[in-house]
Amino acid sequence: MRKRKQNTRKLKPRFYIFSEGEKTEYNYFSSLISDLGYNRSKQVDIKSYKTKGKDALKLIREALSESPTESDKFWIVIDKDFFTGHDKVFELKDSQRKKGKNIDIAFSSICFEEWILMHFEYTGRAFASCNDLIRYLQRKNYIANYNKADKNIYELIKDRIETAKENAERLNRNSLENNPGKRIFELNPYTNIHELLKDLEDFYNKHVKT
């Protein structure tokens, strides 16, 4: 009697983005992955959680509950505004990476709008709160009537994305040089959203495009 062959086909790697932001971040990344050409249902997934009390530690634990494999990519998107305990989040990320989990953190300070601001100008200004940063965006008229729930934010700024990447790299370099000994989550301003974008592009070229 012929034995049935076992299905040895490997599952394709997936790219996951976990965000504590239910509006701005979710809408931005949803538009971005569509623009890159991803088939969201099969290749990339964005999950947004309303974490009680800005509990980013719960967010990263939610991500880990998905049991990421070594070939899967996991990014946690968090910000600094009104949240404490970032040290525990980064420590958990580091410990999981040592165990082979391909997980990273996209951190913005003071909030995700720091990344949006980088599309229009370079500044090392430290904003006291996200509301202050949003008021700055509105006062500069970079995005008329800016609203965190606007689903068209990505479309409005995507033509400036290369400028944003360059500005963000410069911002982080200067923030680290000007604050020796401080850890990333202690910095203000800071945003490494551009690193997440590069990972998305590399993942597409390696696992989707071919």
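Look at Lys206 and Asp202 and you find no salt bridge, because none of the NZ, NE, NH1 or NH2 atoms lies under 4.0 Å from a carboxylate O. The existence of a salt bridge linking Glu62 and Lys47 is excluded, since no basic side-chain nitrogen approaches an acidic carboxylate oxygen closer than 4.0 Å. Between Glu162 and Lys165, at least one side-chain N (NZ, or NE/NH1/NH2) sits under 4.0 Å from a carboxylate O, which counts as a salt bridge. Of the charged side-chain nitrogens involved, at least one lies within less than 4.0 Å of a carboxylate oxygen, so that Lys73 and Asp104 count as a salt-bridged pair. Using a 4.0 Å cut-off between charged side-chain N and carboxylate O, Asp94 and Arg97 make no salt bridge.
Each of Phe203, Tyr204, Phe74 was compared with Phe15 under the ring-ring contact (aromatic ring centres under 6.0 Å, His included) criterion, and only Phe203 meets it.
Residues forming a side chain to side chain contact (heavy atoms under 4.5 Å, CB included) with Gln96 (at least two apart in sequence, or on another chain): Leu64, Leu92, Lys99, Lys101, Ile103.
Note that CD1 of Ile105 and NE2 of His86 are 8.5 Å apart. Values are rounded to the nearest 0.5 Å. Distance check: Trp75 CH2 to Asp199 CG gives 5.5 Å after rounding to the nearest 0.5 Å. Distance check, rounded to the nearest 0.5 Å: CD of Glu155 to CG of Leu32 gives 10.0 Å. For the atom pair Asp132 CG and Leu137 CG, the distance stands at 11.5 Å (nearest 0.5 Å). Between the CD atom in Glu201 and the NE2 atom in His194 there is a gap of 11.5 Å [rounded to 0.5 Å]. Within the model, atoms CZ of Arg14 and CD of Gln43 stand 8.5 Å from one another, a figure rounded to the nearest 0.5 Å.
Between Ser129 and Asp81, the shortest heavy-atom distance links the atoms CA-OD1, 3.7 Å. Across every non-hydrogen atom of Pro180 and Asn178, the tightest pair is CD-C, 3.4 Å. Pairing each heavy atom of Ile193 with each of Ala106, the nearest pair is CD1-CB, 3.8 Å. Ile143 approaches Phe120 most closely through the heavy-atom pair CG1-CZ, 3.8 Å. Between Val89 and Ile78, the shortest heavy-atom contact is CG1-CD1, 4.1 Å.
The shortest side-chain heavy-atom distance between Val77 and Leu59 does not fall under the 4.5 Å cut-off. Counting only heavy atoms from C-beta outward, the side chains of Ile33 and Ile46 approach each other to under 4.5 Å. A 4.5 Å side-chain heavy-atom check between Glu66 and Asp45 finds every atom pair outside the cut-off. The closest side-chain heavy-atom distance from Asp79 to Ile110 is not below 4.5 Å.
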Donor-acceptor pairs under 3.5 Å, side chain of residues 184-191 to any protein atom, not counting sequence neighbours: which ones?
| unit_1 | atom_1 | unit_2 | atom_2 | d |
| --- | --- | --- | --- | --- |
| Glu186 | OE1 | Arg183 | N | 2.7 |
| Asn188 | ND2 | Phe127 | O | 3.0 |
| Thr191 | OG1 | Ser108 | OG | 2.9 |

Just list the side-chain donor-acceptor pairs under 3.5 Å for residues 112-119, sequence neighbours left out, or say none.
| unit_1 | atom_1 | unit_2 | atom_2 | d |
| --- | --- | --- | --- | --- |
| Glu113 | OE1 | Lys148 | NZ | 3.2 |
| Glu113 | OE2 | Tyr146 | OH | 2.5 |
| Glu113 | OE2 | Lys148 | NZ | 2.9 |
| Trp115 | NE1 | Tyr28 | OH | 3.0 |
| His119 | ND1 | Trp115 | O | 2.9 |
| His119 | ND1 | Ile116 | O | 3.3 |

Step-by-step side chain to side chain contact (heavy atoms under 4.5 Å, CB included) determination, Tyr142 to Arg160: CA-CA 12 Å; Tyr142 287 143; Arg160 297 173 176 266; over 6 Å; no

I would like to know whether Val44 and Leu200 meet side chain to side chain contact (heavy atoms under 4.5 Å, CB included); could you show each step before the answer? CA-CA 9 Å; Val44 63; Leu200 264 173; 4.3 Å; yes

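With no hydrogens or angles considered, a side-chain donor-acceptor pair links Tyr122 and Asn174 at under 3.5 Å. Side-chain contact of Asp35 with Tyr154: a donor-acceptor pair under 3.5 Å is present, judged by distance alone.
No more than 12 heavy-atom neighbours from other residues, nucleotides or ligands sit within 6.0 angstrom of NZ on Lys182. For Asn145, the CG atom counts as loosely surrounded, since its 6.0 Å shell holds 12 or fewer non-hydrogen atoms of other residues, nucleotides or ligands.
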